[in-house]
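Each chain gets a letter, A, B and so on, in the order its sequence line appears, and its residues count up from 1.
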Amino acid sequence: MADKLEQPSVQAPPEERKNPVLENIQQLGQTNTASAAESNIFCMTIIGQVEGHLVLPPQNKTTKYEHLIPQLVAAEQNPKIEGILIILNTVGGDVEAGLAIAEMIASVSKPTVTLVLGGGHSIGVPIAVSSNHSIIAETATMTIHPIRLNGLVIGVPQTFEYLDKMQERVIRFVTKHSKIAEEKFKELMFKTGELTRDVGTTVIGADAVKYGLIDQVGGIAEALAELNRRIEEKRGNDGGGLIQ
Amino acid sequence: MTLYTPIPLETVYEGMDDYRPQYMNIRLNGIDMQVEMINGVQAKIVRLFSSNPNDFLNQAYAPGAVIEFRPTLGG
């Protein structure tokens, strides 16, 4: 659509060449912003509720899984991206959307590291363990509890067997992608007395590592060190080694 | 659809009945997307329908980004 603007009869004064440094000082309070170099690490955050099939009311902060999944496809395809860092602070959310994200992360060929900060509750547990290496901050918590069959279940009667099957999906994924034994995970899941409104356990930082759920206690430095180490290793393996 | 979260469901679903977003499907710069009208001239991107994965890396089109509708002279 072509804009047909009439030429003004008086020529407008040419735009003054703005001094970029001056503009920076005015807008940001510093002379030079660090130029964003293109990173070889793709960083993705999973926060709030993992939103699935139902749009949640606006007081919920949500992670939209339908946006994350093509992003992971793009990251997997893009030759410039060599590693993926996933930062979690989630209260859980939709089981299927969470498992979708977890399976995507698990099936990426490039090195992945997850870092759990704050919380990695419920469906955040499979997402946290889905990477090549998982790290948890010392103060972060993960609540491990059974799935409650709530919300909409289309046309399927809510029987105990169905509930059990849904739960098995999660248990199987977590035990497959971490060092925790199935009996231990189930024991944490069905423990009574710890949570006031539910059965289950709250696992904090170092305990998660102790049970074999998470690989390491640490923070951003450890996460990046591990990711860079794995990227180097992959480069070395793919490169074919030194020519002797 | 099962919500697996320690947050009590009455808190999560609060206001669900009153939440009636006005969705619209538009095409912006060749990308199909779903937007939610915030007011008469602004809309917030809800999600993209693109089949090109690189569109999802573009922060300008991330969910939550606000776009403005501006009138242009017809041609």
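Chosen from A/Gly92, A/Pro58, A/Gly119, the residue pairing most often with chain B at heavy-atom distances under 4.5 Å is A/Pro58. Among A/Gly93, A/Ala75, A/Ala74, the residue with the largest count of heavy-atom pairs under 4.5 Å with chain B is A/Gly93. Between chain B and the residues A/Thr143, A/Val50, A/Val95, A/Val55, the most heavy-atom pairs under 4.5 angstrom are made by A/Val95. Ranked by heavy-atom pairs under 4.5 Å with chain B, the list A/Leu68, A/Val73, A/Val91 is led by A/Val91.
Residue contact with chain A, scored on non-hydrogen atoms closer than 4.5 Å, involves the backbone of B/Thr11 exclusively. Contact of A/Val170 with chain B is made through the side chain alone, with heavy-atom distances under 4.5 Å. For chain A, the nearby part of B/Tyr19 is the side chain; its heavy atoms alone come within less than 4.5 Å.
Note: A/Leu56 CG to B/Met16 CE = 6.0 Å, rounded to the nearest 0.5 Å. How far CD of A/Gln77 is from CG of B/Leu57: 10.5 Å, rounded to the nearest 0.5 Å. Distance check, rounded to the nearest 0.5 Å: CZ of B/Phe56 to CD1 of A/Ile69 gives 10.5 Å. Atom CD of A/Gln49 sits about 6.0 Å away from atom CG of B/Leu3, to the nearest 0.5 Å.
Note: B/Tyr4 and A/His121 fail the aromatic proximity criterion, with ring centroids not under 6.0 Å apart.
You'll find the side chain of A/Ile123 stays beyond 4.5 Å of the side chain of B/Thr5, heavy atoms only. Side-chain contact between B/Glu14 and A/Gln59: present, with at least one pair of heavy atoms (C-beta onward) separated by less than 4.5 Å. Contact of the B/Pro6 side chain with the A/His145 side chain is registered, since non-hydrogen atoms from C-beta on lie closer than 4.5 Å.
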